[in-house]
Amino acid sequence: MSNGSFHLTCNLVLYNSEIGQSLTDLELLLIITAAYRDGRYFDCLRDIEAHPYLLNAASSLRGDLCRIGLAAYMQTRQIHQAFEMVEKCLAIEGLLPDLLLKKASLLGLQARYEDAAKILLSRLP
């Protein structure tokens, strides 16, 4: 995403908030996605952490936000937070092979090699 696209998305959302409309969950997802695609990982994480209800609500956006949060935590090398987020992703989306591989990678980064090996050597669904 180009820098202009990120600013356009943010300006549209800010305009809505200035005229008295609160941000919808979809608008927050657009801001977070734009920040991630623009390489603004810390901005992305700030917005996710400022709205924790989005990850806990029974929302159709929850899976997308978890995936973006997981990727942003991994990009910023926040291993503990990434591990917590991959657990949320697994709880929401199930035992998907790509999530299990990320979990094993995070376990390896924490020097938990036996746990990582169990995941990698187990039969995937």
Side-chain angles (χ1 to χ4, degrees):
M1 173 175 281
S2 69
N3 201 19
S5 298
F6 174 77
H7 289 297
L8 178 62
T9 302
C10 290
N11 286 338
L12 288 172
V13 172
L14 289 174
Y15 172 76
N16 283 345
S17 65
E18 285 176 1
I19 61 173
Q21 296 177 354
S22 62
L23 297 177
T24 65
D25 293 350
L26 183 57
E27 289 171 330
L28 286 169
L29 177 63
L30 288 173
I31 290 174
I32 292 166
T33 302
Y36 181 79
R37 287 186 178 170
D38 199 38
R40 300 169 187 258
Y41 305 119
F42 289 102
D43 291 340
C44 171
L45 292 172
R46 181 197 64 223
D47 291 337
I48 289 173
E49 291 169 357
H51 302 91
Y53 66 90
L54 292 174
L55 295 174
N56 299 326
S59 168
S60 60
L61 306 176
R62 193 169 60 152
D64 294 330
L65 282 171
C66 272
R67 290 280 187 149
I68 294 169
L70 172 59
Y73 280 127
M74 291 179 81
Q75 286 289 336
T76 58
R77 311 293 190 264
Q78 297 181 50
I79 305 305
H80 180 71
Q81 292 88 340
F83 188 79
E84 291 175 0
M85 192 62 75
V86 78
E87 290 293 337
K88 284 184 185 180
C89 289
L90 286 167
I92 293 168
E93 298 183 32
L95 300 175
L96 297 176
D98 65 315
L99 290 174
L100 291 171
L101 181 60
K102 288 178 183 175
K103 180 177 180 178
S105 298
L106 290 166
L107 286 168
L109 289 171
Q110 296 174 12
R112 294 170 55 189
Y113 304 118
E114 289 181 11
D115 294 335
K118 286 178 188 175
I119 291 173
L120 293 172
L121 297 174
S122 70
R123 200 175 170 107
L124 296 176

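Residue numbers count from 1 along this sequence.
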Hydrophobic cluster membership, L99 vs L109, 4.5 Å side-chain cutoff: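 Per the 4.5 Å side-chain linkage, L99 and L109 are co-clustered.
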L107 with L96, same ILVMFWY side-chain cluster at under 4.5 Å: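 Shared cluster, yes.
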Check: R37 side chain, A35 main-chain N or O, donor-acceptor pair, under 3.5 Å: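 Absent.
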Interatomic distance, [X] atom [atom1] to [Y] atom [atom2] [nearest 0.5 angstrom]:
{"X": "D115", "Y": "L106", "atom1": "CG", "atom2": "CG", "result": "12.5 Å"}
{"X": "Y41", "Y": "M74", "atom1": "OH", "atom2": "CE", "result": "12.0 Å"}
{"X": "L70", "Y": "C66", "atom1": "CG", "atom2": "SG", "result": "8.5 Å"}
{"X": "D38", "Y": "C44", "atom1": "CG", "atom2": "SG", "result": "11.0 Å"}
{"X": "I32", "Y": "D43", "atom1": "CD1", "atom2": "CG", "result": "11.0 Å"}

Sole residue of D47, L45, T33 in side-chain contact (heavy atoms from CB on, under 4.5 Å) with I68: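 When D47, L45, T33 are each tested with I68, the side-chain contact (heavy atoms from CB on, under 4.5 Å) holds only for T33.
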Ion pair check, D64 and R67, cut-off under 4.0 Å: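 Salt bridge: no.
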Pairwise side-chain contact, L28 with I48, heavy-atom cut-off 4.5 Å (strictly under):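 A side-chain contact is absent here, since even the closest heavy-atom pair is not under 4.5 Å.
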G108 versus Y113, closest heavy-atom pair with distance: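 Looking at all heavy atoms of both residues, the shortest contact is O-CE2, 3.4 Å.
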Quick one: side chains of residues 79-92, donor-acceptor pairs under 3.5 Å with protein atoms, not counting sequence neighbours, listed by atom name and distance.
{"residue": "H80", "atom": "NE2", "partner": "E84", "partner atom": "OE2", "Å": "2.8"}
{"residue": "E87", "atom": "OE2", "partner": "K103", "partner atom": "NZ", "Å": "2.8"}

